[in-house]
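Here is the structure we will look at, set down as structure tokens.
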Amino acid sequence: MASYWLEDPVEPLPRSAEHGAPEVEIVGGGVTGCSCALALASAGVRVRLHEAREVASGASGRNGGFALRGGAMGYHVAREQLGSTRAREYWQLTERSLERMSRIAGDALRVIGSLRLAVDAAETAELRAEHDALVEDGFDVRWLDASDLDAALRGRFLAGLVHPADGALQPARWVRRLAYAAAAAGAEIREGSRIESLDALEADRVVIATDGYTDGLVPEFDVRIRATRGQVLVTETLPELVFPRPHYARHGYDYWQQTPDGRLVIGGSRDAGLEDEWTAEEATTEVVQRRIESLLRDLLGSSPRITHRWAGIWGTTDDLLPFVGPVPGREGVWVAAGYSGHGNVLGFACGELVARALTGDRDLLLDVLDPGRPEPS
Ligand SMILES: Cc1cc2nc3c(=O)[nH]c(=O)nc-3n(C[C@H](O)[C@H](O)[C@H](O)COP(=O)(O)OP(=O)(O)OC[C@H]3O[C@@H](n4cnc5c(N)ncnc54)[C@H](O)[C@@H]3O)c2cc1C
């Protein structure tokens with residue numbers, strides 16, 4: 001079955017004006033590529049984007065629809081990994097990106113906060129450490145004890161963290177709007193254009209924006225960005241609104257959100273078949289789908305009809321930071337990929353970071369996201 005999100009009606013992209021040979025070509029028409037194309041075209045750069053299938057047909061149209069600030073690790077971990085200054089800047093970058101996204105996304109983004117839940121004492125301690133670090137650095141966050149949780153969650157979870165600035169996306173609609181804005185700003189967007197080799201491109205500068213769909217264009221990143229499968233299912237409309245904002249638990253292994261029309265979008269459970277989920281094959285599996293169904297029954301106390309099931313691929317890096325910047329040893333080739341399952345906001349942010357750097361405005365955060373950084377020991 002196809003992604004529920006991708007069933008949204010597609011508005012044809014505006015045709016770009018003829019403007020001669022591109023100065024920059026982008027490979028990948030997800031959130032990263034479209035964000036980069038919009039920023040470049042808005043800066044007056046001639047840009048052409050190649051998407052092998054259709055805009056948003058990769059992870060950007062197949063994900064859980066969580067628009068979360070920050071990186072794939074907790075904020076307290078990022079402070080240890082990056083130092084306080086860069087960690088704060090990384091989080092602030094994504095908060096600014098969320099604000100900018102809400103101006104482009106229209107009804108594809110609802111800023112309703114997110115709720116991270118703890119299932120045991122260890123996860124409660126982790127949430128507490130993240131909460132304290134966020135508060136110390138001036139970020140908005142709210143702690144919930146078990147007794148503060150909604151009735152549907154009480155007894156199952158021990159604590160919660162509300163991130164008020166986060167949101168819920170209809171991710172395919174959002175990225176199509178982004179592509180529309182890029183095309184309206186002058187970007188040429190070529191769907192059905194699979195790039196088999198970088199030698200086939202005309203521009204002097206190329207941006208690889210394929211996240212987990214690494215496929216030989218830059219072989220060193222096929223190794224350092226590990227293709228990772230995530231699976232999702234969607235129910236029929238539920239009779240009431242049980243979950244007013246996106247929820248996630250068990251270190252992100254479980255996540256669910258209810259759409260404005262009352263369906264439950266629920267995914268994760270990769271740990272039911274962890275070794276098999278390190279793959280670029282976009283296929284659902286019995287073992288993971290059964291585990292998601294079991295979580296669904298636990299959360300609702302019933303088994304609503306399931307209308308959609310799908311899989312998508314994201315790219316995981318060893319240190320959970322994306323690679324953003326010029327590819328070492330490859331003149332003119334840039335990359336923005338490897339968000340480790342956390343790319344809805346980061347992808348938007350990193351596409352812009354690359355565009356800014358290509359137009360002479362390099363952000364210092366690129367120091368810590370440098371594709372040439374050593375592998376963690
Ligand atoms: C099941 C699942 C759940 C997720 N949930 C969340 C979530 O809730 N919140 C969150 O922040 N993140 C989530 N993610 C991660 C997030 O979806 C991705 O990190 C993000 O969408 C990456 O966007 P992108 O544009 O970099 O890559 P993609 O959206 O994957 O786009 C890459 C595109 O490149 C194209 N392509 C590949 N090779 C070529 C080629 N040779 N030539 C031309 N085109 C090519 C592909 O067709 C694809 O469309 C999830 C991912 C999955 C799979």
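Counting starts at 1 for both ligands and their atoms, following the listed order.
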Next item on the list: Before signing off on this row, confirm whether A336 and ligand 1 have an N or O atom pair separated by under 3.5 Å.
Entry: no

Review point. N/O to N/O below 3.5 Å, does that happen between V31 and ligand 1?
Key: yes

Out of A209, S60, S3, the nearest non-hydrogen contact to atom 32 (C) of ligand 1 is supplied by A209

- prompt: Going by distance only, is there an N or O of A59 that falls short of 3.5 Å from an N or O of ligand 1?
  reply: yes

Chi angles and distances behind the side-chain hydrogen bond (donor to acceptor under 3.5 Å, both in side chains) call for D319, T317
CA-CA 6 Å; D319 58 8; T317 64; 3.3 Å; yes

Atom 27 (O) of ligand 1: of D211, L169, D166, the nearest heavy atom sits on D211

Salt bridge (charged side-chain N to carboxylate O under 4.0 Å, His left out) with E282: of R62, R309, R229, only one passes, and it is R62

Has ligand 1 got any nitrogen or oxygen that is less than 3.5 angstrom from a nitrogen or oxygen of V27? no

Q.
Could you check whether any heavy atom of L68 sits closer than 4.0 Å to an atom of ligand 1, since that is the contact criterion I want to use?
A. no

dist H308:NE2 -> T284:OG1 (nearest 0.5 Å) comes out at 13.5 Å

message = One thing to verify: whether R96 and E99 come together as a salt bridge, which I'm taking to mean a side-chain N less than 4.0 angstrom from a carboxylate O.
response = no

Out of I195, V175, V55, the nearest non-hydrogen contact to atom 41 (N) of ligand 1 is supplied by I195

>> Can you confirm whether or not the ring centre of W310 sits under 6.0 Å from the ring centre of Y4?
In response: no

